[in-house]
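Here is the structure we will look at.
Below, chains carry the letters A, B, ... as their sequence lines are ordered, and counting in each starts from 1. Values reported hereafter were calculated over all heavy atoms of this structure, with side chains retained and with hydrogens, waters and symmetry mates removed.
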2 protein chains.
Amino acid sequence: MSTINDVARLAQVSKATVSRVLSGSRGVKEASRQAVLRAAETLNYKPNAIARSLTSQTTHCIGVICATEHVQQSTGYLQALEKQLSQHRKHLLLRFASDAPAVLRAVEELSSGLCDALLVVGARFALPPLHEDVIFIDCLSAPDAQSVACDRQFAAQTAVEYLSRHKRRDIALINFPGGDAARETLQGYREAAENQLIPFNRQRVIEGESEPRIALQKLINSRVKFTALLVTDDSQAQEAITLLRDYQISVPEQVVVFSLDGSTRLPGQSAIPAIGYSLEGIARKAVALVLGQDDEHNRVRGTLLCD
Amino acid sequence: MSTINDVARLAQVSKATVSRVLSGSRGVKEASRQAVLRAAETLNYKPNAIARSLTSQTTHCIGVICATEHVQQSTGYLQALEKQLSQHRKHLLLRFASDAPAVLRAVEELSSGLCDALLVVGARFALPPLHEDVIFIDCLSAPDAQSVACDRQFAAQTAVEYLSRHKRRDIALINFPGGDAARETLQGYREAAENQLIPFNRQRVIEGESEPRIALQKLINSRVKFTALLVTDDSQAQEAITLLRDYQISVPEQVVVFSLDGSTRLPGQSAIPAIGYSLEGIARKAVALVLGQDDEHNRVRGTLLCD
DNA sequence: CTGTTAGCGCATTCAG
DNA sequence: CTGAATGCGCTAACAG
């Protein structure tokens, strides 16, 4: 690769002039300008990004740590994020991490000046507080100012409203294992139920169980009646449906399964009703946050999805 | 962030000593060594990756340009690649590109010293020759030395063999639109057919058609008989099946659809017979190539998949 | 308008 | 064993 020195020599000017032409570009005699441009062209010169970063103290790299267990979910986010980032001329440094320690390691390794900021996506487990410029997307619980999250309360409300309109008033909920997400979901669920005059039955709510199959078994073992089942996402929905059928419970006839997050499904892929979030919208907000252009409103609301 | 200077000052030694301790680490008095280590610890010092890159002329970043149209396919590759790369302490810079110009742009933007090498994955379209250190994975056609590709001839052979064992001897093929991939596939197809004493009927082979639906319509319009259909990948298979059913042709009873690349499907997802490739194996080879440890054998063979 | 100088943070000489 | 000096490629401040 040719350097700025080569260009300067060929163009018979100083490095500074070359730099000016290729960056600031104002206040340069047209002749020199042309000479530089021509020299750069013939040498196929590209300013070295690393050297640039060293001076500017910014790499234009954003680290993205994908913590989603189910890869199919991450891919949509990745695409949306990459699109937003490249629109802002930022690069996306990718890392997968399937549990908290792995996320920590990834954060460590990316915190050596290589990235301007970090993004953690879809961590469904508890994360220790991360001091750096880390933004959380769709994670279980995170400081509000540094994260963009789904409005889970709104989602649960919508779901209950939808189900009760479909005459499914005995609604079970397999909630997130914990965190703010679980709290908000439960709140939305209770609130909407109250509005619908549906009596609250604690047995219908399973919490603190990270294994969905076990959660469902608990529910069935309790012999509480339910004609609808709220689960946190599509993969949980799939598992639930399989298990329900194993129990000879027909879906959706006997039990309607409703996914509280169906954003990552392909269009027309499934007939499971769900709340869908705009990945593009989420990515846009996240990138805005990362770039320090807070739009002060990091809660995203989803729309009802059902074919 | 603290710099090497801060550490040197705190440890009462020179920058050079600090550097020695934290890198080469030999030929340093134990006392200084401890002092440096302690200082680095209290300052939470991490050598700046950018400054390091500037001197070492290597960034440890590998650019990955995902050219797969169907995102579901890219995600498996991404995960496999990231795993291999991080094992080699390399970073993965992600970029999506859906057509040739976009790939070109991505290559341009990543060729400014930020990446040590580039990887293009799954380009199903013609690519102009790329001069840089670009390695191609699963692309339509690329110089053999710079690419890891599926052994398509072997795949087609295997498919034809499998189908004829299942008494499906009238095998149609919707081939790749062009490139070496198409050539090899056709060759494998013909060779196996010959071995099985299946007469070759050019009408059964559709080539040069990038739109799978149109390709299939061509085939059907020609009224040639076929009891099996070879397509290049799972998404094509899905489209084909839908269309066949629109034509009242039952799958797999009347026509068995066989996917020549089913690597990116989830286990047990589909009952379509296919050739599957080990993404991990492909990623391993690709990373070896990128790191200059050629293993001299960049062809990957797939295994028969059918439940 | 332009060249010289300094410095980003680090590793690597080369002397002591 | 260790410190001072040099340079990686570039930009910015400062003189001319």
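The nearest pair of heavy atoms linking B/Val13 to B/Ser32 is CG1-CB, 4.3 Å. Nearest heavy-atom pair across B/Met1 and A/Ser111 is CE-O, 3.8 Å. A pairwise comparison of heavy atoms in A/Glu82 and B/Phe96 identifies OE2-N, 3.3 Å as the closest pair.
Remark on DNA chain D: of its neighbouring residues B/Arg20 and A/Arg20, the 5'-side contact belongs to B/Arg20, judged by nearest-heavy-atom nucleotide. The nearest heavy atom of DNA chain D to B/Val28 and to B/Ala51 marks one nucleotide each, and the one closer to the 5' end goes with B/Val28.
Comment: A/Asp138 engages A/Arg152 in a salt bridge, judged by a side-chain N to carboxylate O separation of less than 4.0 angstrom. Ion pair A/Arg299/A/Glu184 flagged as a salt bridge, since at least one NZ, NE, NH1 or NH2 atom sits closer than 4.0 Å to an Asp/Glu carboxylate oxygen. A salt bridge links B/Arg33 with B/Glu30; the closest basic N to acidic carboxylate O contact falls under 4.0 Å. Under the 4.0 Å criterion applied to side-chain N and carboxylate O atoms, A/Asp6 and A/Lys15 are not assigned as salt-bridge partners.
OP1 or OP2 of D/dT11 sits under 4.0 Å from a side-chain N or O of A/Ser19.
Looking only at side-chain heavy atoms (C-beta outward), B/Leu93 and A/Leu92 stay at 4.5 Å or farther from each other.
At whole-Å resolution of the value, CE in A/Met1 and P in D/dG9 are 11 Å apart. The separation between B/Lys15 atom NZ and D/dG3 atom P is 13 Å, rounded to whole Å. If you measure from atom CD1 of B/Ile50 to atom P of D/dG7, you get 23 Å, rounded to the nearest angstrom. Between A/Asn48 atom CG and D/dG7 atom P there is a gap of 18 Å when expressed in whole angstrom units.
Of all nucleotides in DNA chain C, those with any atom nearer than 4.0 Å to a heavy atom of chain A start and finish, going 5' to 3', at C/dC1 to C/dG9.
Summarising the local packing, NZ of A/Lys83 is surrounded by 12 or fewer heavy atoms from other residues, nucleotides or ligands at distances under 6.0 Å. Around the CD atom of A/Gln293, the shell of radius 6.0 Å holds more than 12 heavy atoms that belong to other residues, nucleotides or ligands.
A heavy atom closer than 4.0 Å to some atom of DNA chain D occurs in B/Ser32, these being the qualifying members of residues 32-40 of chain B. If you check residues 53-62 of chain B against DNA chain D, the residues with a heavy atom closer than 4.0 Å are B/Leu54, B/Thr55, B/Gln57, listed by number.
Heavy atoms of A/Val18 sit nowhere under 4.0 angstrom from any nucleic acid atom. Residue B/Thr17 is in sugar-phosphate contact alone, with no base atom involved, counting any heavy-atom pair closer than 4.0 Å across all strands shown.
One N or O on the side chain of A/Ser2 and one on the backbone of A/Leu43 form a donor-acceptor pair closer than 3.5 Å.
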